[in-house]
There are 2 protein chains.
Amino acid sequence: MTNSRITIKDLAERLNLSISTISRALNDHPSIGKKTTKEVKKLARELGFTPNTMASNLRRNKTQSIGVIVPRIDIHFHSHVISGIEETAYRLGYNVTIFQSRDSLEREIAVTEILQAKRVEGVIACLGLETTDSRHFARFNEIKIPLVFYDRVSKDVESSKVIIDDFDAAFRATEHLINTGCRNIAHIAGNRNTDIFKARVKGYKAALLKHDLEANENLIQYTSELSYEEGATCAKKLLTVTPLPDGVFCANDNTAISAIQVFKKANLRIPEDIAVVGFSNYPISSIMEPTLTTIDDRAFEMGQTAAKLLIRQIEDKDQNIASETIVIKTDLIVRDSTNRNPKG
Amino acid sequence: MTNSRITIKDLAERLNLSISTISRALNDHPSIGKKTTKEVKKLARELGFTPNTMASNLRRNKTQSIGVIVPRIDIHFHSHVISGIEETAYRLGYNVTIFQSRDSLEREIAVTEILQAKRVEGVIACLGLETTDSRHFARFNEIKIPLVFYDRVSKDVESSKVIIDDFDAAFRATEHLINTGCRNIAHIAGNRNTDIFKARVKGYKAALLKHDLEANENLIQYTSELSYEEGATCAKKLLTVTPLPDGVFCANDNTAISAIQVFKKANLRIPEDIAVVGFSNYPISSIMEPTLTTIDDRAFEMGQTAAKLLIRQIEDKDQNIASETIVIKTDLIVRDSTNRNPKG
DNA sequence: TTGTATGCGTTATCAG
DNA sequence: CTGATAACGCATACAA
């Protein structure tokens, strides 16, 4: 019966009022009489009137929507970030339209164009793996659309950024191993060219330095993408080092998990013989045996922060849109894989 | 320099053409001369013109966008479904706006209203846990907006549905245990009132029946939400049953994982003493020890199917929008937790 | 407190 | 092949 095509014009005719009065009543404009406002809203409800935001948006030149570009939605980290974004966007009255680049540069570029046409009011993005040149995002600056990167951020275009303090996290993870008695600590590292992984190596080294432990290069195993398989390979190599490491800081949970499995197969006890710390706090880390000490990457909070930052910039558009970089402090989650009595 | 405010009117003035010509040229209308079309497009590119989809949408009464409501984005299953939705929506020229109900009925209702105002052309939803009465979705039928549920579907409102064949999956999982030599098979079940879990119990029983095995009620352990902790409790109870079960079919991976841990602590060998099958194929299941035989729930494919179905309905609007229920066949992924030589 | 008139940027219906 | 003009549904400056 009642169908969606009801407009304020229909309401106006029914009530013998002008459409402006209807419009104002619906928006609780102070100049409209209480009684009129009530009547209008009542009829609107009865008729199942739903305002057409397209029209309203066109008129106000607003869309109340933000665009999000992630490499893949189904990666735990990204889905957590998105969850944080949606949560705060919802509370602040924005909705979020999602795109996956699937790590394809071509698609990432195509999506930036769609986002412009869609007139989103702001963009949150994490660069895809293929993206070395991110100038396709520069257009957003030209047309004054706020842009916030998280995790994999752009060097080519000015923008706000939300990242975690990888150096600090790695430092604390390593120091935790030291505090728990480890003296010969290895590191399974990520790609040598990626900033966040470089920072983790530095944090690891700095912690050793602080405690007068030597940073032995052959205790650092680099991988290309921190895969589960690479972790196993690295762990096996570490088993050939003498003296055997008594602790390992891994740059993610995948490698930590496979390292632990390799060590267990070699009849080493975790954490007594080798303690292990991971990075990211995957769901599995609290379930596996032993449970894994790891760095919580605060994905949800990153999303919240990115959304807050973005929306602030959207709504302060007149001001100088100063780019801002927010560094989120991480938590060390201590579990069984490092639970041993400190010795020495 | 070039900013977003360029409109077809600007292009028209620059080229001394009418806005209709510009509009048509931009849309490759056949009646416009090749040369003109080329010139228009060239200038548009130079000036960084981006069509205002808001205006176009208002005019055409289209939005090219679909709304998705999920309980939580950061649950592995849902993020996979969303990924499938986004993937096919993108290919078909739609974009997806995402909302989380966070299992709150109030929020779910609020979101359905936002979706109406946003004039999305279709809705894909998975009901939240609080939702027993889903009549707030009925409005979409009234205003002829196609609606597709997945996984947790509505009984109250007519709609299309995409679900997996839980009975068949459970049947095959149980039969696999039988084929691998198990004769005394237990089941860790979900909530007694939820359709999908009831179907899994039935599938389990049917497999036993087919192979002339008795369905012993005390081998079925019901849980309320299939949590990791409940799985452990059930597993401990199963250890007190005589004769000890030689196989367990669990209604999800969480309970399978904790059951395996309990069994291992009790010095039982997996799969030799007890074989275990899970349900969902979480990432962890291929990593844990032993790797877990499980049912792949085809989340990504569910998303693709839901999106295809929805968009077909959107574009066939004139036809009678027959509700359709699609049942997706699942895969049994055989891994080490059931890898034993069939005996008897 | 309410009404009139105009325009947001497009597309579509007419003519020419 | 091209142009003038009227919508789409709403918000608002200006009047009354």
Side-chain angles (χ1 to χ4, degrees), chain A residues 2-41 43-44 47-65 93 114 116-121 143, chain B residues 2-41 43-44 47-65 93 114 116-121 143:
Chain A
T2 65
N3 75 50
S4 75
R5 309 214 164 270
I6 295 210
T7 71
I8 57 173
K9 193 175 161 199
D10 300 322
L11 299 178
E13 281 167 6
R14 294 252 198 168
L15 293 173
N16 276 322
L17 288 168
S18 72
I19 57 168
S20 25
T21 302
I22 305 292
S23 172
R24 291 196 265 253
L26 255 16
N27 293 303
D28 289 309
H29 191 104
S31 76
I32 300 293
K34 290 268 181 210
K35 204 185 62 191
T36 314
T37 302
K38 228 168 212 142
E39 279 175 7
V40 170
K41 289 195 170 180
L43 184 66
L47 263 43
F49 166 79
T50 322
N52 185 328
T53 36
M54 272 193 291
S56 163
N57 286 341
L58 176 61
R59 180 61 230 259
R60 299 178 310 143
N61 200 30
K62 296 276 283 170
T63 55
Q64 297 292 110
S65 79
I114 294 176
Q116 288 165 43
K118 278 280 167 185
R119 295 297 194 266
V120 294
E121 296 188 48
I143 61 180
Chain B
T2 64
N3 75 48
S4 75
R5 311 215 163 269
I6 294 209
T7 70
I8 56 174
K9 193 176 160 196
D10 300 322
L11 298 178
E13 280 166 8
R14 294 252 199 167
L15 293 173
N16 275 323
L17 288 169
S18 72
I19 57 169
S20 359
T21 303
I22 304 291
S23 173
R24 290 194 271 248
L26 255 16
N27 293 302
D28 290 309
H29 191 105
S31 75
I32 301 292
K34 289 268 182 210
K35 205 183 61 191
T36 314
T37 302
K38 228 168 212 139
E39 278 175 8
V40 170
K41 289 195 171 180
L43 184 67
L47 263 43
F49 167 79
T50 321
N52 185 327
T53 35
M54 271 193 292
S56 165
N57 286 341
L58 175 62
R59 183 60 234 252
R60 298 179 311 143
N61 198 30
K62 295 276 282 169
T63 56
Q64 297 291 112
S65 79
I114 295 175
Q116 287 165 42
K118 278 279 166 185
R119 295 297 195 266
V120 293
E121 296 189 48
I143 61 181

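Reckoned from all heavy atoms, side chains included, excluding hydrogens, waters and symmetry mates.
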What's the spacing between B:Arg119 CZ and A:Asn52 CG if we round to 0.5 Å?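 If I round to the nearest 0.5 Å, the distance is 4.0 Å.
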Return the CG to OG distance between A:Asn61 and A:Ser56, rounded to the nearest 0.5 Å.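 A:Asn61 CG to A:Ser56 OG: 11.0 Å, rounded to 0.5 Å.
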Nearest-Å distance for atom pair [atom1]/[atom2], residues [X] and [N]:
| X | N | atom1 | atom2 | answer |
| --- | --- | --- | --- | --- |
| B:Leu26 | D:dT2 | CG | C1' | 16 Å |
| A:Glu13 | D:dC10 | CD | P | 13 Å |
| A:Lys35 | C:dT2 | NZ | C1' | 13 Å |
| A:Glu39 | C:dT1 | CD | C1' | 14 Å |
| A:Ile19 | C:dT2 | CD1 | P | 16 Å |
| B:Asn57 | C:dC8 | CG | P | 18 Å |
| B:Arg60 | C:dT13 | CZ | P | 14 Å |
| A:His29 | C:dT2 | NE2 | C1' | 11 Å |

The answer to which of A:Pro30 and A:Asn61 contacts DNA chain C further toward the 5' end, by nearest nucleotide, is A:Pro30
Return whichever of B:Arg24 or B:Asn52 has its heavy-atom-nearest nucleotide of DNA chain C closer to the 5' end. B:Asn52
Sorted by position of nearest nucleotide on DNA chain D, 5' first, the leading residue of B:Ala55 and A:Ser23 is B:Ala55
Name the residue closer to the 5' end of DNA chain D, choosing between B:Leu58 and B:Leu17 according to the nucleotide with the nearest heavy atom. B:Leu17
Looking across every strand, which nucleic acid part, if any, lies under 4.0 Å from B:Thr53 by heavy atom: base, sugar-phosphate, or nothing? nothing
Describe the nucleic acid contact of A:Ser31 in one word from base, sugar-phosphate, nothing, applying a heavy-atom distance below 4.0 Å.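 The answer is base, as A:Ser31 lies within the cut-off (heavy atoms under 4.0 Å) of a base atom.
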Is any side-chain N or O of [X] closer than 4.0 Å to OP1 or OP2 of [N]?
| X | N | value |
| --- | --- | --- |
| B:Thr7 | C:dG9 | no |
| A:Ser20 | C:dT4 | no |
| A:Thr21 | C:dG3 | yes |
| B:Ser56 | C:dT10 | no |

Show your working on side-chain contact (heavy atoms from CB on, under 4.5 Å) between B:Asn57 and A:Lys118 and close with a plain yes or no. CA-CA 10 Å; B:Asn57 286 341; A:Lys118 278 280 167 185; 4.3 Å; yes
Is the shortest side-chain heavy-atom distance between A:Thr37 and A:His29 below 4.5 Å?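 Of all side-chain heavy-atom pairs linking A:His29 with A:Thr37, none is under 4.5 Å.
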Run the side-chain contact (heavy atoms from CB on, under 4.5 Å) test on A:Leu47 and A:Arg14 for me, step by step, so that the C-alpha distance in whole Å, both residues' side-chain angles and the decisive distance to 0.1 Å come before the verdict. CA-CA 11 Å; A:Leu47 263 43; A:Arg14 294 252 198 168; 3.9 Å; yes
